[in-house]
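One structure below.
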There are 2 protein chains.
Amino acid sequence: MPTPPRTSIDAIVSASRAILESHGLPGLTMQAVAQAVGVRAPSLYKHVADRDALVTLVADAAARDLAAHLPATEDLRGLAHGLRAWAAERPESYRLVFSGHGSLEVMAATSMPVVTLGRTLGGEAHALDAARLITAWVTGFISMELAGAFQLGGDVEAAFEYGIERLTSALSAN
Amino acid sequence: MPTPPRTSIDAIVSASRAILESHGLPGLTMQAVAQAVGVRAPSLYKHVADRDALVTLVADAAARDLAAHLPATEDLRGLAHGLRAWAAERPESYRLVFSGHGSLEVMAATSMPVVTLGRTLGGEAHALDAARLITAWVTGFISMELAGAFQLGGDVEAAFEYGIERLTSALSAN
DNA sequence: ACCTGAACACCGTTCAAGT
DNA sequence: ACCTGAACACCGTTCAAGT
């Protein structure tokens with residue numbers, strides 16, 4: 001006797017993203033998600049293989065959301081501030097995306113704009129090297145900030161600007 | 001009737017570090033630690049408040065081990081390669097230390113050598129800014145490497161060297 | 001064809017009882 | 001004074017039974 005589904009993969013991922021932000025990754029339990037979409041935990045396994053697969057779907061959805069929010073810019077400042085603003089609003093999503101929980105395909109696709117920027121700043125021969133320098137610095141900085149690693153005082157905003165300025169000039173100087 | 005302890009906090013932390021590296025943070029269960037030190041899980045609570053406190057002790061022990069392994073160097077290349085080599089040998093410890101699981105005191109103490117390097121490269125006025133640029137880049141790079149984020153081909157070793165070279169010249173140019 | 005309750009193996013944690 | 005078994009509340013996951 002066929003019955004229509006009472007939930008959907010979209011509703012599950014959407015509810016999961018909200019739970020992730022409000023309760024962190026440990027709070028993203030199958031039971032919490034099930035309750036949010038109005039179903040019992042075992043029913044989720046009709047739509048998703050297991051919790052790990054769900055976490056990957058959430059990470060990929062967050063990565064796509066990030067890509068849509070980043071300004072189409074040609075300068076490091078715009079990209080850096082865009083990423084930092086997105087991370088400040090969705091810290092748990094940021095952590096998930098940059099902790100390697102996403103799929104390799106989505107991670108590669110999301111990094112294309114940075115390679116373009118790397119080409120602009122570093123030149124054709126060092127496009128990838130420059131993109132990796134930029135990405136490592138900006139994701140490292142934001143991760144440290146979210147982890148509360150800046151304990152030695154000083155102006156964190158100024159340190160971010162300092163990084164943007166020094167990296168821009170370092171990459172332009174061929 | 002007093003009885004001597006059958007284990008110790010040192011044995012617990014030491015066993016925990018080995019379990020962390022071999023089975024990851026999810027594998028670091030109270031039961032696994034208890035078995036490793038020859039005791040039942042409830043006994044661990046005589047030595048540690050709860051699992052979170054144990055994880056913090058492990059992170060701090062790893063951070064101290066890292067500080068002891070870093071070369072006392074005045075150049076970025078030595079520091080960067082030293083950190084990367086340590087991370088390659090103890091990837092789970094590296095992740096734990098730089099994910100904010102450690103205590104703030106140990107994190108601050110461990111970052112002192114980088115501030116010294118920042119002063120050498122960036123000058124007195126920008127010692128902290130330079131230290132944060134360096135730390136953000138090198139930890140970001142290694143985190144990406146461990147997360148398998150370098151999927152676009154190219155030479156990762158060369159990208160690391162490129163970062164060292166560009167950062168060194170960017171910071172020296174006052 | 002999907003949803004459910006019941007069940008299983010695992011967690012972290014508490015606590016009265018043993019020595 | 002430390003260790004233990006038993007217990008509790010919680011996980012993820014499976015599966016036969018319902019509709």
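Naming convention: chains lettered A, B, ... in sequence-line order (proteins, then strands); numbering from 1 in each chain. Every value quoted in this text rests on a predicted model; they were computed, and no experiment measured them.
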Rounded to whole angstroms, how far apart are [atom1] on [X] and [atom2] on [N]?
X        : N       : atom1 : atom2 : value
His47(B) : dA1(D)  : NE2   : P     : 13 Å
Lys46(B) : dT13(C) : NZ    : P     : 15 Å
Ile12(A) : dC2(C)  : CD1   : C1'   : 12 Å

Cationic N near anionic O, under 4.0 Å, [X] to [Y]:
X         : Y         : answer
Arg166(A) : Asp129(B) : no
Arg77(A)  : Glu165(A) : no
Arg84(A)  : Glu157(A) : yes

Considering only side-chain heavy atoms of [X], which listed nucleotide, [options], is closest?
X        : options                  : result
Thr3(A)  : dT14(D), dC2(C), dC3(D)  : dC2(C)
Arg40(A) : dG5(D), dT4(C), dC3(C)   : dT4(C)
Val39(B) : dT4(D), dT4(C), dC2(C)   : dT4(D)
Arg6(B)  : dT13(D), dT19(C), dC3(D) : dC3(D)

Report task. Measure the spacing between CG of Asp65(B) and OG1 of Thr110(B) and express it to the nearest 0.5 Å. Result -> 11.0 Å
Requested in this report: Kindly compute the distance separating CE (Met144(A)) from CZ (Phe150(A)), expressed to the nearest 0.5 Å.
Outcome: 4.0 Å
Watson-Crick or G-U counterpart of [N], or none if no pair lies under 3.5 Å:
N       : value
dC8(C)  : dG12(D)
dC3(C)  : none
dA17(C) : none

Query raised in the report: Do Ser143(B) and Arg95(B) have side-chain heavy atoms sitting under 4.5 Å apart?
Result: no
Query raised in the report: Side-chain contact, heavy-atom cut-off 4.5 Å: Lys46(B) with Thr7(B)?
Result: no
**Report entry** Phosphate OP1/OP2 of dT4(C) contacted by Ser43(A) side-chain N/O (<4.0 Å)
**Finding:** yes
Close N or O pairs between protein and nucleotides 8-12 of chain C (under 3.5 Å):
residue	atom	partner	partner atom	Å
dG12(C)	OP1	Met30(B)	N	3.1
dG12(C)	OP1	Arg51(B)	NE	3.4
dG12(C)	OP2	Met30(B)	N	3.0

Requested in this report: Classify the nucleic acid contact of Pro5(B) as base, sugar-phosphate or nothing, counting any heavy atom under 4.0 Å across all strands shown.
Outcome: sugar-phosphate
Report task. Tell me what Ser8(A) touches on the nucleic acid: a base, only sugar-phosphate, or nothing, going by heavy atoms under 4.0 Å. Result -> nothing
